[in-house]
Enquirer: 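I'd like to ask you about the structure that follows.
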Amino acid sequence: MTSYKKIEVLLEDHSSQKWCLPLKEDVFTTFLEKGNPVAHKIFGEGSLFSPLLFGKFFDPSDAFPLWEFDADVLLSNLYGSSEKRTVDWFQTDADYVLKAELPESGKNSIQVCVEKGEVVEISGQWRQQQESRTKDWRGSNWWEHGYVRRIELPDDADWRNMEACVTDDRLLEIRVPKSPVNCIPP
């Protein structure tokens, strides 16, 4: 039986404390070399949250113009023709669509936020922070506690009507309607 859970899309202004520490390639390599199997599942090859998803290192806390690229082209180095994709995006006449498998750990903490109508942010926590509860895990070495992918929204995205859902606790789908074209009467 298929389960379907709608996720509330939060609207927020960018906080200077959030994602303020960039993830660098050497830091990421050292982090993965520690051998944590959960971290490998979350940030591993093919994951939406992997800094190497697009074929070269790209900090997932930096906004990426995803819909400017064709998924088949951008992910061609990652997936062979017979491999099942864990991430896909496309656009229809009416919507921009992103589909991604969620990591097993942290899937219950998934958040989808829109920042100033310009960036959609998908994040979650996979390990509880051991420090004080007043410090936000996203303000320091966030990759040690959670994951994020920030995606620039196209200019014609109707972000106020964005919808997000998770199917079978595993597949995230985000739909961003396109704004109707303003028709100028003849």
Side-chain angles (χ1 to χ4, degrees), residues 1-19 42-43 46-55 58-79 83-104 106-126 136 138 142 146-186:
M1 179 171 202
T2 301
S3 69
Y4 176 87
K5 179 177 120 183
K6 191 169 182 169
I7 298 174
E8 179 183 7
V9 178
L10 305 171
L11 304 178
E12 61 181 37
D13 289 327
H14 184 67
S15 163
S16 61
Q17 297 303 310
K18 199 167 144 182
W19 321 120
I42 291 171
F43 299 108
S47 167
L48 175 65
F49 307 103
S50 171
L52 300 169
L53 177 64
F54 306 121
F58 189 87
D59 181 353
S61 70
D62 286 337
F64 186 81
L66 187 73
W67 281 286
E68 290 182 15
F69 298 91
D70 182 89
D72 292 334
V73 173
L74 200 57
L75 299 176
S76 65
N77 293 337
L78 186 61
Y79 297 104
E83 291 181 76
K84 180 183 173 281
R85 276 196 194 163
T86 58
V87 178
D88 198 10
W89 65 89
F90 54 91
Q91 56 181 303
T92 66
D93 290 341
D95 299 299
Y96 294 98
V97 181
L98 169 68
K99 294 183 178 188
E101 283 187 25
L102 294 174
E104 191 65 33
K107 67 184 179 188
N108 294 324
S109 70
I110 192 84
Q111 278 191 323
V112 178
C113 302
V114 176
E115 178 187 306
K116 297 182 181 177
E118 298 171 355
V119 174
V120 62
E121 175 181 291
I122 306 149
S123 65
Q125 196 168 358
W126 64 274
D136 188 345
R138 300 170 294 185
W142 54 265
Y147 52 88
V148 64
R149 173 62 69 193
R150 297 180 71 238
I151 301 167
E152 291 178 13
L153 289 168
D155 291 337
D156 65 341
D158 183 4
W159 55 271
R160 287 181 179 89
N161 291 309
M162 180 186 311
E163 294 182 353
C165 67
V166 175
T167 304
D168 292 334
D169 290 329
R170 202 74 180 118
L171 182 65
L172 172 68
E173 181 174 321
I174 297 176
R175 288 192 168 270
V176 186
K178 292 180 179 179
S179 297
V181 178
N182 293 333
C183 297
I184 300 172

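In what follows, every heavy atom counts, from backbone to side chain, and hydrogens, waters and symmetry copies are set aside. The residues of the chain are indexed from 1 along the displayed sequence.
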Enquirer: Which heavy atom of Ala100 sits nearest a heavy atom of Leu48, and at what distance?
Expert: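 Here Ala100 and Leu48 meet closest at CB-CD2, 3.8 Å.
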
Enquirer: Please say which of Phe49, Tyr147, Trp142 ends up in a side chain to side chain contact (heavy atoms under 4.5 Å, CB included) with Pro60.
Expert: Trp142

Enquirer: Run the salt-bridge test on Arg175 and Glu173 with the 4.0 Å N-O cut-off and return the result as yes or no.
Expert: yes

Enquirer: What heavy-atom pair brings Leu153 and Gly117 nearest, and what distance separates the two atoms?
Expert: CD1-O, 3.8 Å

Enquirer: Within the distance-only criterion (no hydrogens, no angle test), does the side chain of Thr86 pair as donor or acceptor with the backbone N or O of Glu101 below 3.5 angstrom?
Expert: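 Here the side-chain-to-backbone pair does not exist.
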
Enquirer: Minimum heavy-atom separation for Leu98 and Trp89, please, with both atom names.
Expert: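 Shortest heavy-atom contact: CD1-CB, 4.1 Å.
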
Enquirer: Flag the pair Trp159 / Leu11 as yes when at least one side-chain heavy-atom distance between them is below 4.5 Å, and no otherwise.
Expert: yes

Enquirer: For Glu163, enumerate each residue passing the salt bridge (Lys or Arg N to Asp or Glu O under 4.0 Å) test, keeping only those at least two apart in sequence or located in another chain.
Expert: none

Enquirer: Looking at every heavy atom in both Phe43 and Gly146, which two are closest together, and how far apart are they?
Expert: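 That would be CZ-O, 3.3 Å.
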
Enquirer: Determine the minimum heavy-atom distance between Glu152 and Pro65, stating which atoms define it.
Expert: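 Smallest heavy-atom distance, with atoms named: OE1-CB, 3.5 Å.
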
Enquirer: Would you indicate whether the side-chain heavy atoms of Leu102 and Leu171 approach each other to under 4.5 Å?
Expert: no

Enquirer: Between CG of Leu172 and NZ of Lys5, what distance do you get to the nearest 0.5 Å?
Expert: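 Reported to 0.5 Å precision, the distance equals 10.5 Å.
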
Enquirer: Identify, with sequence neighbours excluded, every residue that meets salt bridge (Lys or Arg N to Asp or Glu O under 4.0 Å) alongside Arg160.
Expert: none

Enquirer: Which value, rounded to the nearest 0.5 Å, describes the distance between Ser123 atom OG and Gln111 atom CD?
Expert: 5.0 Å

Enquirer: Hey, are Lys178 and Asp156 close enough for a salt bridge, meaning a charged N less than 4.0 Å from a carboxylate O?
Expert: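 No salt bridge links Lys178 with Asp156.
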
Enquirer: Take Ile110 and Ile7 through the test side chain to side chain contact (heavy atoms under 4.5 Å, CB included) and record every step on the way to the result.
Expert: CA-CA 8 Å; Ile110 192 84; Ile7 298 174; 3.6 Å; yes

Enquirer: In chain order, what residues pass the side chain to side chain contact (heavy atoms under 4.5 Å, CB included) check against Val119, with sequence neighbours excluded?
Expert: Ala63, Glu115, Arg150

Enquirer: Distance check, rounded to the nearest 0.5 Å: Ile122 atom CD1 versus Ile174 atom CD1?
Expert: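 Interatomic distance, Ile122 CD1 to Ile174 CD1, rounded to 0.5 Å: 3.5 Å.
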
Enquirer: State, to 0.1 Å, how close Trp67 and Ile151 come at their nearest heavy-atom pair, and which atoms those are.
Expert: CZ3-CG2, 3.6 Å

Enquirer: For a 4.5 angstrom cut-off between non-hydrogen side-chain atoms, does Val120 reach Val112?
Expert: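 SC-SC contact between Val120 and Val112 confirmed.
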
Enquirer: Just by distance, do the side chain of Ser47 and the backbone of Ile42 share a donor-acceptor pair under 3.5 Å?
Expert: yes

Enquirer: List the residues meeting side chain to side chain contact (heavy atoms under 4.5 Å, CB included) with Ser3, not counting sequence neighbours, and say none if there are none.
Expert: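 Side chain to side chain contact (heavy atoms under 4.5 Å, CB included) list for Ser3, sorted by chain: Asp168.
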
Enquirer: Could you tell me which residues satisfy ring-ring contact (aromatic ring centres under 6.0 Å, His included) with Phe58, sequence neighbours excluded, listed by chain and number?
Expert: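 In terms of ring-ring contact (aromatic ring centres under 6.0 Å, His included), with neighbours along the sequence ignored, Phe58 is linked to Phe64.
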
Enquirer: If we only count heavy atoms from C-beta on, is the Val9 to Val114 side-chain gap below 4.5 Å?
Expert: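 Yes, side chains in contact.
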
Enquirer: According to salt bridge (Lys or Arg N to Asp or Glu O under 4.0 Å), who are the partners of Asp59, at least two apart in sequence or on a separate chain?
Expert: none

Enquirer: Would you check if Leu10 and Glu8 make a side-chain contact, meaning some heavy-atom pair closer than 4.5 Å?
Expert: yes

